[in-house]
Amino acid sequence: MKSALGQNPHAIKDSRDKNLEVAIGRQVRELRKKQRMTGADLAAQTGLSTGMLSKIENGVTSPSLSTISALAHALKVPLVQLFSGYEEERGCMHVKAGQGVEIQREGTRAGHQYNLLGHIGSNSSGVVVEPYLITLDSTSDRFPLFQHEGIELLYVLEGRVEYRHGDRLYDLKPGDSLLFDADSPHGPEDIREFPTRYLSVITYPQAR
């Protein structure tokens, strides 16, 4: 099944210069919104056209130093603040096979194994991602229902599970996936084949 996506997952930044333009634009937009200024307000204070300000905020043009200085003055921040994020370290975590951290989730029972496959804390995206490898074996007699904020994706690797989301049940086999709003009660209802293993990737906004 094909559908149009809102962004190209294979897109790359053209160069370090482009990274700088994007970093400046992001800072200008965030600071303007925090100060409850409209684009027209900021454009008027800096002598820019609203079209040029939009290009700067979207990182599609390289502003001059005098323009950056004018923006910083209008936003009442040090000039260097508009460059923050340019050299910000981008997190990455490599977890080798079998080295995921086994954790106990609320409601976990015997025969439910949850391995956290990595974690990146505070980051510029504003999103937290928790990837788990979940194994349910024949000793799993009862299954808890979970309910939490965010979006969750399941991808079945092995076995067969009847999975509940809200009032509906889904018969999931290897290669099947399920993407859902995690604020509705959800969890495995019945294991049809043992063991069952699936990936669970949970995303939610990070605390500000």
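Below, each value reflects all heavy atoms present in this structure, side chains not excepted, and no hydrogens, waters or symmetry copies.
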* To do: Decide, yes or no, whether a salt bridge links Arg32 with Glu57 under the criterion of side-chain N to carboxylate O below 4.0 Å.
  => yes

* Asked: Of Asp190, Asp176, Thr196, Asp171, which meets side chain to side chain donor-acceptor pair (under 3.5 Å) against Arg160?
  -> Asp171

* Heavy-atom check, side chain of His148 versus side chain of Ile202, under 4.5 Å -> yes

* To do: Test side-chain hydrogen bond (donor to acceptor under 3.5 Å, both in side chains) on Ser69 and Ser66 and set out the steps.
  => CA-CA 5 Å; Ser69 178; Ser66 61; over 6 Å; no

* **Flag, side chain of Glu189 to backbone of Leu169, donor-acceptor distance under 3.5 Å** => no

* Asked: Can you list the steps and then say if Arg26 with Ile24 is a side chain to side chain contact (heavy atoms under 4.5 Å, CB included)?
  -> CA-CA 5 Å; Arg26 183 181 295 122; Ile24 291 173; over 6 Å; no

* Measure the spacing between CG of Leu31 and NZ of Lys76 and express it to the nearest 0.5 Å. => 12.0 Å

* Drop me the distance from Leu178's CG to Arg168's CZ, to the nearest 0.5 angstrom. => 9.5 Å

* Using a 4.5 Å cut-off on heavy atoms from C-beta on, say whether the side chain of Leu153 contacts that of Ser200. => no

* Find the distance between OH (Tyr170) and OH (Tyr163) and round it off to the nearest 0.5 Å. => 11.5 Å

* Which value, rounded to the nearest 0.5 Å, describes the distance between Asp181 atom CG and His165 atom NE2? -> 5.5 Å

* Do Ser184 and Gln147 come within less than 4.5 Å of each other through their side chains, counting heavy atoms only? -> no

* Which heavy atom in Ser177 sits nearest to a heavy atom in Tyr155, and how many Å separate them? -> CB-CD1, 4.1 Å

* Asked: To the nearest 0.5 Å, what is the distance between CD (Glu152) and OH (Tyr132)?
  -> 9.0 Å

* Asked: Going through the checks in order, is the side chain to side chain contact (heavy atoms under 4.5 Å, CB included) test met by Leu79 and Ile68?
  -> CA-CA 7 Å; Leu79 186 147; Ile68 295 173; 4.1 Å; yes

* Taking all non-hydrogen atoms of both residues into account, name the closest pair between Thr61 and Glu21 and its distance. => O-CG, 3.8 Å

* To do: Evaluate ring-ring contact (aromatic ring centres under 6.0 Å, His included) for Phe180 paired with His186, printing each intermediate quantity in order.
  => CA-CA 9 Å; Phe180 54 86; His186 58 276; 4.9 Å; yes

* Any Val201 side-chain heavy atom under 4.5 Å of Leu154 side chain -> no

* **Audit row: Lys33, Arg29, side chain to side chain contact (heavy atoms under 4.5 Å, CB included) steps and yes/no** => CA-CA 6 Å; Lys33 289 183 176 180; Arg29 182 187 296 110; 3.8 Å; yes

* Are any non-hydrogen side-chain atoms of Glu149 and Pro205 less than 4.5 angstrom apart? -> yes

* Asked: Are any of the side-chain heavy atoms of Leu42 and Thr38 separated by less than 4.5 Å?
  -> no

* **ILVMFWY network linking Leu136 to Leu145, side-chain heavy atoms under 4.5 angstrom** => no

* Any donor and acceptor pair, going by atom type alone, linking the side chain of Asn58 with main-chain N or O of Ser54 inside 3.5 Å? -> yes

* **Test item: Arg192 side-chain N/O and Val161 main-chain N/O as donor-acceptor pair under 3.5 Å** => no

* State, yes or no, whether a side-chain contact exists between Tyr198 and Pro174 at a heavy-atom distance under 4.5 Å. => no

* Could you give me the CA-CA distance, side-chain angles and deciding distance for Leu133 and Leu157, then say whether side chain to side chain contact (heavy atoms under 4.5 Å, CB included) is met? => CA-CA 10 Å; Leu133 175 61; Leu157 301 170; 3.7 Å; yes

* **Point-to-point distance, once rounded to the nearest 0.5 Å, from OG of Ser62 to CG of Leu20** => 7.0 Å

* Pairwise side-chain contact, Leu199 with Val156, heavy-atom cut-off 4.5 Å (strictly under) -> no

